[in-house]
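Take a look at the structure below.
The figures here come from the full heavy-atom set of this structure, side chains too, leaving out hydrogens, waters and symmetry mates. Chain letters run A, B, ... following the sequence lines, proteins first and then strands; every chain starts at 1.
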Number of protein chains: 2
Amino acid sequence: MTTHTSSSIGRYASKFVDLTAEELTTFTAAFKEMKVKKRQFLVQPNFVAKHRYFILKGALRAYVVGEEGQDHTIQLAIEDWWISDYNSYMFQQPASMFVMAVEDSLLLQISFEDEQQLKAASYKFETFFRILAERSVAFMQRRVITNLTQTAEQRYDVFVEKYPAMVNRFPQYVIASYLGMTTEFLSRIRNHKLKG
Amino acid sequence: MTTHTSSSIGRYASKFVDLTAEELTTFTAAFKEMKVKKRQFLVQPNFVAKHRYFILKGALRAYVVGEEGQDHTIQLAIEDWWISDYNSYMFQQPASMFVMAVEDSLLLQISFEDEQQLKAASYKFETFFRILAERSVAFMQRRVITNLTQTAEQRYDVFVEKYPAMVNRFPQYVIASYLGMTTEFLSRIRNHKLKG
DNA sequence: AAAAAATGTTGAACCAGTTCAACATTTCAG
DNA sequence: CTGAAATGTTGAACTGGTTCAACATTTTTT
């Protein structure tokens with residue numbers, strides 16, 4: 001089992017940096033496997049997000065609750081994605097988000113301190129986390145552009161096209177809130193498509 | 001002049017990593033000072049963004065042009081901020097954005113290749129760029145949250161409160177498009193405030 | 001298998017923000 | 001200093017998306 005775990009995050013890291021067998025061991029040792037049940041919370045507002053999570057199996061979402069109680073989904077994550085409240089995790093300040101499992105999930109968790117140690121221990125680990133952050137920046141910039149330039153229906157179409165694997169694993173109201181529209185409106189968009 | 005330049009970007013980098021005199025020299029040498037006139041373009045769609053820019057003096061914006069010709073401002077930048085089309089710069093792919101000077105500006109430019117060399121040359125430089133990217137992630141996550149949860153008027157209020165230095169340096173239609181609303185609507189919000 | 005909880009659908013009224021058009025004001029190049 | 005370009009304002013009609021409420025369907029729990 002440790003073998004399986006190691007190879008997952010190890011394989012992932014090896015996509016970005018070239019690690020020796022020893023480095024791979026040190027790297028994977030910083031992660032702890034963890035099971036969570038559907039609807040379990042990993043991060044809650046006002047508490048500091050002490051970990052970030054890599055998803056081996058399952059599906060999670062990060063969301064904030066608005067003043068009138070509406071959910072706003074900030075991030076969706078399935079296998080091979082990372083999730084946390086990054087504003088909280090990176091600066092170790094109180095979170096504004098919930099991170100919740102949408103399915104029973106199997107995760108690898110790394111603590112802020114252990115991540116700092118990895119970065120301090122090896123140039124290559126520092127590079128790995130730099131690449132991770134840069135990719136997030138590019139991803140989020142694309143999201144900002146989409147939100148600013150597309151209509152609700154276009155945003156949904158782009159989402160389905162880019163993340164087909166996610167469409168069937170999150171309830172409709174979660175996808176709607178991720179795309180910045182109401183459940184009802186997404187329902188209408190979908191049913192509209194069936195007809196023409 | 002080199003002295004002034006060096007100390008600006010050097011002082012900036014020193015906020016995040018502890019550099020020796022020699023490292024400072026290597027670091028600042030990778031940057032090239034550059035003047036741009038108001039309305040000059042630094043990045044254009046379909047061309048690869050070969051540089052990122054640190055602003056010594058002046059103001060710039062990054063924007064995409066929508067299908068119906070409307071501007072959508074993705075980023076604003078003044079002194080001590082960085083700007084580029086990061087999706088293009090980081091992956092060296094064709095840009096989707098314009099980056100344009102809004103005032104006559106004085107910049108420090110670094111090329112993608114030189115940045116790669118800095119990162120490869122020193123652990124500390126790698127750390128510096130990692131921190132830069134992480135801060136961007138946190139910043140953009142806050143922007144996504146604001147866009148998803150606030151009304152147009154609230155977004156404007158938050159902007160004025162957080163970036164008062166920017167309010168008077170960008171034309172109203174630029175700020176409006178950054179905040180995801182029309183010029184006309186921002187005009188109404190502002191005039192509405194004068195009365196009550 | 002039944003009850004409860006969560007999720008999805010539909011209609012109709014509504015509204016935050018847009019659009020268009022005309023005009024006012026400010027900035028800037030020559 | 002002047003004219004043109006850029007920027008900002010206002011009104012009135014309009015619309016993409018929301019809200020609310022009631023009901024339908026699916027999933028989960030016991």
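- What separates CG of D71(A) from P of dT7(C) is a distance of 10 Å, to the nearest Å.
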Counting only pairs under 3.5 Å, give me each side-chain donor-acceptor contact of residues 103-110 of chain A, with atom names and distances, residues two or more places apart or in other chains.
from	atom 1	to	atom 2	distance (Å)
E103(A)	OE1	R169(A)	NH2	2.9
E103(A)	OE2	R169(A)	NE	3.0
D104(A)	OD1	K38(A)	N	2.7
S105(A)	OG	A59(A)	N	3.2
S105(A)	OG	E103(A)	O	2.8

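- Rounded to the nearest 0.5 angstrom, L42(B) CG and M34(B) CE are separated by 5.0 Å.
- Taking atom CD on E103(A) and atom C1' on dT27(D), their separation rounds to 14 Å, with Å as the unit.
- Considering only side-chain atoms of E184(A), the nucleotide from dT18(C), dG8(D), dA21(D) that sits closest is dA21(D).
- For residues 14-24 of chain B, the salt bridge (Lys or Arg N to Asp or Glu O under 4.0 Å) pairs, not counting sequence neighbours, are E23(B)-K124(B).
- Qualifying side chain to side chain donor-acceptor pair (under 3.5 Å) partners for K57(A), counting only residues two or more places apart in sequence or in other chains: E79(A).
- Residues L186(A) and F170(B) both approach DNA chain D. Their nearest nucleotides, taken by heavy-atom distance, put F170(B) toward the 5′ side.
- If you measure from atom CD1 of I189(B) to atom C1' of dT18(C), you get 13 Å, rounded to the nearest angstrom.
- In the set dG8(D), dT10(D), dT19(C), dT10(D) carries the atom at the smallest distance from any side-chain atom of N191(B).
- Evaluation of the ring pair (Phe, Tyr, Trp, His ring centres under 6.0 Å) rule for F159(A) yields Y163(A), Y178(A) as partners, not counting sequence neighbours.
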Could you list, one pair per line, each protein nitrogen or oxygen that sits under 3.5 Å from a nitrogen or oxygen of nucleotides 12-15 of chain D, together with the distance?
from	atom 1	to	atom 2	distance (Å)
dA12(D)	N6	R188(B)	NH2	3.4

Look for any protein N or O under 3.5 Å of an N or O in nucleotides 25-30 of chain C and output each such pair with its distance, or none.
from	atom 1	to	atom 2	distance (Å)
dC28(C)	OP1	K38(B)	NZ	2.8

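- With side-chain heavy atoms closer than 4.5 Å counting as contact, directly or through intermediates, the hydrophobic cluster containing Y123(A) also holds Y123(B).
- Residue contacts shown for Y173(A) are limited to sugar-phosphate atoms, with no base heavy atom under 4.0 Å away.
- Separating the CZ atom of F185(B) from the P atom of dT19(C) is a distance of 12 Å, rounded to the nearest angstrom.
- Taking a 4.0 Å limit (strictly below) on heavy-atom distances, residues 144-152 of chain A reaches DNA chain D at T151(A), A152(A).
- Screening residues 128-144 of chain A for side chain to side chain donor-acceptor pair (under 3.5 Å) gives R130(A)-E134(A), R130(A)-E126(B), E134(A)-K119(B), R142(A)-N87(B) as the qualifying pairs, with residues at least two apart or on separate chains.
- If you chain together ILVMFWY residues whose side-chain heavy atoms come under 4.5 Å of each other, F41(A) ends up grouped with Y63(A), V65(A), F98(A), M100(A).
- The interatomic distance linking R155(B) (CZ) with dA16(C) (P) rounds to 13 Å, in whole Å.
- For residues 41-56 of chain A, the set of pairs meeting the side chain to side chain donor-acceptor pair (under 3.5 Å) definition, not counting sequence neighbours, comprises R52(A)-E115(A).
- Put simply, CZ on F16(A) and OG1 on T127(A) are 12.5 Å apart, with the number rounded to the nearest 0.5 Å.
- Side chain of S177(B) to main chain of T73(B): a donor-acceptor pair is present (N/O by atom type, distance under 3.5 Å, no hydrogens or angles).
- Within the structure, salt bridge (Lys or Arg N to Asp or Glu O under 4.0 Å) pairs that include any residue of residues 172-186 of chain A do not occur (at least two apart or interchain).
- In this entry the distance linking CD of Q70(B) with C1' of dC20(C) reads 14 Å, nearest Å.
- Contact between the side-chain N/O atoms of T182(A) and the OP1/OP2 oxygens of dT18(D) is found at a separation under 4.0 Å.
- A straight line from CG of L179(A) to C1' of dG16(D) spans 16 Å, rounded to a whole angstrom.
- Across dT9(D), dT18(D), dT18(C), the shortest atom-to-atom separation from the side chain of S187(B) is found for dT9(D).
- Rounded to an integer number of Å, the gap from NE2 of H192(B) to C1' of dG11(D) is 17 Å.
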